[in-house]
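Here is the structure we will look at, set down as structure tokens.
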Amino acid sequence: MHKKFLQQAIILASENASTLKGGPYAAIIVKNGELIAASSNCVTLHTDPTAHAEIMAIRLACKKLNDFQLSNCILYCSCEPCPMCLGAIYWARLERVYFACNRLDAADSGFDDSFIYDEISLPPEKRQIPMIQLKLKDAVKPFITWDALKNKTLY
């Protein structure tokens, strides 16, 4: 069953690459053996750098299931998820991820995310894109407000 869904992701990724509407990536989300969502990479199509296949599939699955958690779902993707997608996978609480190609295969085709993995481990002030924390008096006010809420939805 896992190979069947992963093969579907590979086919979708190949089709997407051939249309020049996005990169050579696709992702499928399955729950209880049923396909819930499928998407290819839509970065150039939507002019959105966050429109990776995994992100798009997560968005579609959450909408279909009317839930922001996908804890009983499995993600099948044509390639190992990038750092952004990896974060989204953890936030969505997917049960498991199966992927075909790895990050080195992607790098061989010009999709090298190794610098992002390196950047994540650096202190913010040492990253290539300067990230400067400004200490403002009421900076924590949103968290204080959140902490005081009684009926909040934790995520």
Side-chain angles (χ1 to χ4, degrees), residues 1-134 139 142-143 153-155:
M1 174 177 79
H2 299 303
K3 288 182 179 180
K4 176 185 97 170
F5 286 120
L6 190 54
Q7 189 62 47
Q8 287 179 13
I10 293 167
I11 291 167
L12 187 59
S14 295
E15 289 170 357
N16 197 57
S18 70
T19 64
L20 297 175
K21 291 184 179 177
Y25 300 96
I28 290 174
I29 296 180
V30 173
K31 183 175 184 177
N32 299 324
E34 177 190 347
L35 191 139
I36 301 298
S39 183
S40 53
N41 176 287
C42 298
V43 169
T44 56
L45 181 65
H46 293 177
T47 58
D48 178 354
T50 68
H52 288 199
E54 297 90 338
I55 301 289
M56 300 300 291
I58 288 169
R59 290 173 182 164
L60 290 169
C62 287
K63 188 171 188 161
K64 182 171 183 175
L65 298 174
N66 195 32
D67 198 343
F68 58 86
Q69 294 184 359
L70 302 172
S71 52
N72 294 315
C73 297
I74 298 174
L75 173 68
Y76 299 89
C77 38
S78 58
C79 190
E80 178 182 0
C82 75
M84 176 183 68
C85 294
L86 185 61
I89 288 163
Y90 278 98
W91 283 117
R93 293 172 177 85
L94 284 149
E95 180 179 300
R96 182 169 292 140
V97 176
Y98 291 92
F99 61 92
C101 295
N102 64 32
R103 68 176 91 164
L104 301 175
D105 299 317
D108 287 344
S109 287
F111 297 96
D112 189 355
D113 294 332
S114 61
F115 75 99
I116 298 173
Y117 287 100
D118 295 341
E119 287 283 299
I120 289 170
S121 64
L122 294 174
E125 67 277 2
K126 301 241 180 181
R127 295 179 182 154
Q128 289 181 29
I129 297 175
M131 299 188 181
I132 302 106
Q133 181 181 16
L134 298 177
F143 292 108
T153 301
L154 298 175
Y155 60 94

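Keep in mind that this is a model prediction, so the values were computed, not measured. Counting begins at 1 with the first residue of the sequence.
Taking all atoms of both residues into account, the shortest heavy-atom contact from I28 to A9 is CD1-N, 3.4 Å. Looking at every heavy atom in both residues, D48 comes nearest to R59 through OD2-NH1, 4.1 Å. When all heavy atoms are compared, the tightest approach of L65 to C73 is CD1-SG, 3.9 Å. Scanning all heavy atoms of the two residues, the minimum distance from V43 to H52 falls at CG2-CD2, 3.6 Å. Considering every non-hydrogen atom in both V30 and Y76, the closest pair reads CG2-CE1, 3.7 Å. Scanning both residues, R93 and Q69, for their nearest heavy atoms gives NH1-NE2, 3.4 Å.
Between atom CD of residue E34 and atom CZ of residue F5 there is a gap of 9.0 Å, rounded to the nearest 0.5 Å. One distance of note links CG of L104 with OG of S109; it measures 11.5 Å at 0.5 Å rounding. Atoms CD1 and OG, from I55 and S39 in turn, are 10.5 Å apart once rounded to the nearest 0.5 Å. Atom CE of M84 sits about 10.0 Å away from atom CD1 of I89, to the nearest 0.5 Å. In this structure, C77 SG and E54 CD are separated by 4.5 Å, a value rounded to the nearest 0.5 Å. Between L6 atom CG and I11 atom CD1 the span is 10.5 Å, to the nearest 0.5 Å.
No donor-acceptor pair under 3.5 Å is formed between the side chain of N41 and the backbone N or O of Y25. Here the side chain of S78 pairs a donor or acceptor atom with the backbone of A26 at under 3.5 angstrom. Checked by atom type and distance alone, the side chain of D105 pairs as donor or acceptor with a backbone atom of N102 at under 3.5 Å. With hydrogens and angles ignored, the 3.5 Å screen pairs no side-chain donor or acceptor of T47 with any backbone N or O of T44. Judged purely by atom type and a 3.5 angstrom limit, N72 has no side-chain atom pairing as donor or acceptor with the backbone of E95.
For the pair I116 and C82, the minimum side-chain heavy-atom distance is 4.5 Å or more. Side-chain contact check for L70 versus C62: some heavy-atom pair is nearer than 4.5 Å. Contact of the I58 side chain with the L94 side chain is registered, since non-hydrogen atoms from C-beta on lie closer than 4.5 Å. Taking 4.5 Å as the limit, some side-chain heavy atom of L35 sits within range of a side-chain heavy atom of Q8. Counting heavy atoms from C-beta on, the side chains of E125 and I132 never come closer than 4.5 Å. Contact annotation: the side chain of P24 approaches that of F111 to within less than 4.5 Å [non-hydrogen atoms, C-beta and beyond]. In this structure, H2 and I74 have side chains that are in contact, with non-hydrogen atoms separated by less than 4.5 Å.
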